[in-house]
Amino acid sequence: MRIVQYLNQFFAGLGGEARAETPPGARPGAVGPGLALQRLLGAEAEVVGTVFCGDGLVADRPDSVVPKIVGLIEAFAPDVVVAGPAFDAGRYGLGCARVCAAATARLGVPALAAMAPENVAAELHRREVLIVPTTATAIGMPAALVAMARLALRLGRGEPLGPAAVEGYLPRGRRMNAWAPASASQRALGLLLARLRHEPFTTEVELPRYDRVAPPPPIADPARMRLALVTECGLVPTGNPDRLEWVRADKWLRYGLGGIDDLARGAYEVAHGGYDAAFAVEDPDRLVPLDAVRELARRGEIGEVLDAYYVTCGNHGILGQMAIHAREIAADLRRQHVDSVLLVAT
Amino acid sequence: MAKELERAGFPTATVTSLAAVAVKVGANRIVRGNRFSHPCGRPGLPPAEERAWRIELVRVALRALATRVDGPTVFEPEGP
């Protein structure tokens, strides 16, 4: 059985964030985590090749990059494609999920990714891609590789997979026919009673977790509105005086912009562990477009700009915590009589 | 972030390079930015042209704020 593994630039041993633009490439045989995967696969399967790409490129340019990656995978003539584990790295997770989806769609090869359930890519792609859940950090590498090896062998043998909870992958939202020990009404009452007794129970119909927000009505006239700048890119004054965390931030901050027309090079730095800040440090307006906003205010196209910007760091942000930041920021925006927001998300 | 700000009643234009992700998580007014590490920048351009491009990008955000939408909508800046 021939297996090809997809990795990012880091796990392929090419470098960290500075190499996030690494173009797609391939090596024969196993690399990095693939070496341990090979030991777990045993004699039945061989990691015949490793294909890699920089996280920045695969996240921002999937339409041009993913087909190239799939082409490199195809050259190894695999029976199964595995991707990751990406843990909770968002861009790496997106790369893994997109490569798996494309490999299956274009090559007809079964594919399997591994990442943390809270990885944004898992939420987005688990319906179309088989995903093995992992821990948030690489501390769970051994367990992730064991699960990947087991499922990869089953896929390669062409064995049908059972339900997610039994096989150990993230639910894909597919319904399978199965014999139940009791009727639907009996099972429903059983669930209700378990809940009332505070006993553990597993729902049979999982509800979607991303809720929808009804968009507020549009601004009637931007030339009369008061606009605020908000970002989760981690842009802070040089020296990071309030110590914004570069990962899993537990605070948000507001920094004054009074008398500032243009965010000057050298005056700001980036507290964000998720991307290469070189371009932003060179010109912070590339993150928070103050120069453009001020210019449009001068031209009368924006009524007024709040003399402050709000910042937190979205890197590996925990959804619930980010929502709390956002509600607190919203409360402050109301006190500042702001009408609308320009949000920059990285 | 965008959803909570809109839930609180503030029309919010989100500039991001990952527009497809923003659509799926349910941000409503999405402006396609350039790259992940510099959504409002185009470092390859001469400074004056980059600034002009950024002004156009913010204009797209203003258009998003002034447009009635029913759900996640991507507003595209002009040019490559």
Side-chain angles (χ1 to χ4, degrees), chain A residues 20 56 59-60 62 91 94 120 123-124 210-222 225 227-228 230 232-233 275-280 282-283 285-289 291-293 295-296 301-302 312 314 322-323 325-327 329-331 333-334 338-346, chain B residues 1-45 47 50-73:
Chain A
D60 282 353
R91 290 175 299 162
L94 285 170
V120 67
E123 269 309 311
L124 297 182
Y210 284 120
D211 57 340
R212 297 281 151 179
V213 174
I219 294 293
D221 181 5
M225 73 181 174
L227 178 75
V230 180
E232 43 82 88
C233 71
Y275 64 91
D276 179 8
F279 289 119
E282 195 174 273
D283 181 358
D285 294 280
R286 287 170 176 159
L287 284 177
V288 177
D291 60 348
V293 167
E295 178 63 31
L296 290 172
E301 293 178 44
I302 298 175
T312 184
M322 291 298 285
H325 292 331
R327 286 196 287 272
I329 290 172
L333 291 170
R334 205 168 285 122
V338 163
D339 301 310
S340 61
V341 174
L342 198 168
L343 171 70
V344 180
T346 47
Chain B
M1 181 67 74
K3 282 163 65 183
E4 291 301 324
L5 295 175
E6 290 226 311
R7 203 195 301 275
F10 299 101
T12 299
T14 303
V15 182
T16 177
S17 71
L18 302 180
V21 173
V23 166
K24 287 197 183 169
V25 303
N28 287 319
R29 295 177 164 95
I30 302 157
V31 177
R32 193 185 300 281
N34 186 24
R35 298 299 308 272
F36 191 87
S37 66
H38 45 281
C40 303
R42 286 184 69 183
L45 293 179
E50 185 184 8
R51 193 160 176 276
W53 173 83
R54 184 156 49 242
I55 288 171
E56 287 312 309
L57 185 72
V58 172
R59 280 203 173 110
V60 176
L62 299 183
R63 181 154 59 81
L65 291 172
T67 302
R68 184 171 298 280
V69 297
D70 297 325
T73 307

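The basis for the numbers below is simple: all heavy atoms, side chains too, and nothing from hydrogens, waters or symmetry mates. Every chain is numbered from 1, with letters handed out A, B, ... down the list of sequences.
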Which residue out of [options] racks up the most heavy-atom pairs below 4.5 Å with chain A?
| options | answer |
| --- | --- |
| B:Gly9, B:Ala66, B:Pro11 | B:Pro11 |
| B:Arg51, B:Arg35, B:Arg63, B:Glu56 | B:Arg35 |
| B:Gly41, B:Pro43, B:Ala2 | B:Pro43 |

Once rounded to the nearest 0.5 Å, what's the spacing between atom [atom1] of [X] and atom [atom2] of [Y]?
| X | Y | atom1 | atom2 | value |
| --- | --- | --- | --- | --- |
| B:His38 | A:Glu282 | NE2 | CD | 10.0 Å |
| B:Arg59 | A:Glu295 | CZ | CD | 8.5 Å |
| A:Ile329 | B:Met1 | CD1 | CE | 4.0 Å |
| B:Thr16 | A:Glu232 | OG1 | CD | 7.5 Å |
| A:Leu342 | B:Leu65 | CG | CG | 7.0 Å |

Please flag which part of [X] lies under 4.5 Å from any non-hydrogen atom of chain B: side chain, backbone, both or neither.
| X | value |
| --- | --- |
| A:Ala214 | backbone |
| A:Ala277 | neither |
| A:Pro215 | both |
| A:Leu296 | side chain |
| A:Asp285 | both |

Select one option (side chain, backbone, both, neither) describing which atoms of B:Thr67 are under 4.5 Å from chain A's heavy atoms.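 Only the backbone of B:Thr67 comes within 4.5 Å of chain A.
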
Quick check on B:Pro47 against chain A: is it the side chain, the backbone, both or neither that has a heavy atom closer than 4.5 Å?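 Contact with chain A: none, neither part.
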
Is it the case that over 12 heavy atoms from other parts of the model lie below 6.0 angstrom from the CG atom of B:Asp70?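 Check fails, neighbour count at 12 or below.
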
Can you check salt bridge (Lys or Arg N to Asp or Glu O under 4.0 Å) on A:Glu123 and B:Lys24, steps first, answer last? CA-CA 9 Å; A:Glu123 269 309 311; B:Lys24 287 197 183 169; over 6 Å; no

What is the minimum heavy-atom distance between A:Met225 and B:Leu62, and which atoms define it?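 Between these two residues, the closest heavy atoms are CE-CD2, 3.4 Å.
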
Exercise: identify the closest heavy-atom pair between B:Cys40 and A:Leu287: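 Closest approach of B:Cys40 to A:Leu287, heavy atoms only: SG-O, 3.6 Å.
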
If you define the side chain from C-beta out and look only at heavy atoms, does anything of [X] sit under 4.5 Å from [Y]?
| X | Y | result |
| --- | --- | --- |
| B:Glu4 | A:Met322 | no |
| A:Leu94 | B:Leu18 | yes |
| A:Arg286 | B:Arg54 | yes |

Apply side chain to side chain contact (heavy atoms under 4.5 Å, CB included) to the pair A:Leu333 and B:Leu5, showing each step before the final yes or no. CA-CA 9 Å; A:Leu333 291 170; B:Leu5 295 175; 3.9 Å; yes

With respect to chain B, which residue among A:Val338, A:Asp221, A:Thr312, A:Leu227 yields the maximal number of heavy-atom pairs within a distance under 4.5 Å?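 The option with the most such pairs is A:Val338.
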
Short question: side chain of A:Arg334, backbone of B:Ala8 - any donor-acceptor pair under 3.5 Å?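 Yes, A:Arg334 side chain to B:Ala8 backbone: donor-acceptor pair under 3.5 Å.
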
Has the side chain of A:Asp60 got a donor or acceptor atom that lies under 3.5 Å from a matching backbone atom of B:Ser17?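 Such a contact is absent between A:Asp60 side chain and B:Ser17 backbone.
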
Applying the side chain to side chain contact (heavy atoms under 4.5 Å, CB included) criterion to B:Phe10, which one of A:Val341, A:Asp339, A:Ile219 satisfies it?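 Looking at A:Val341, A:Asp339, A:Ile219, the match for B:Phe10 under the side chain to side chain contact (heavy atoms under 4.5 Å, CB included) is A:Val341.
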
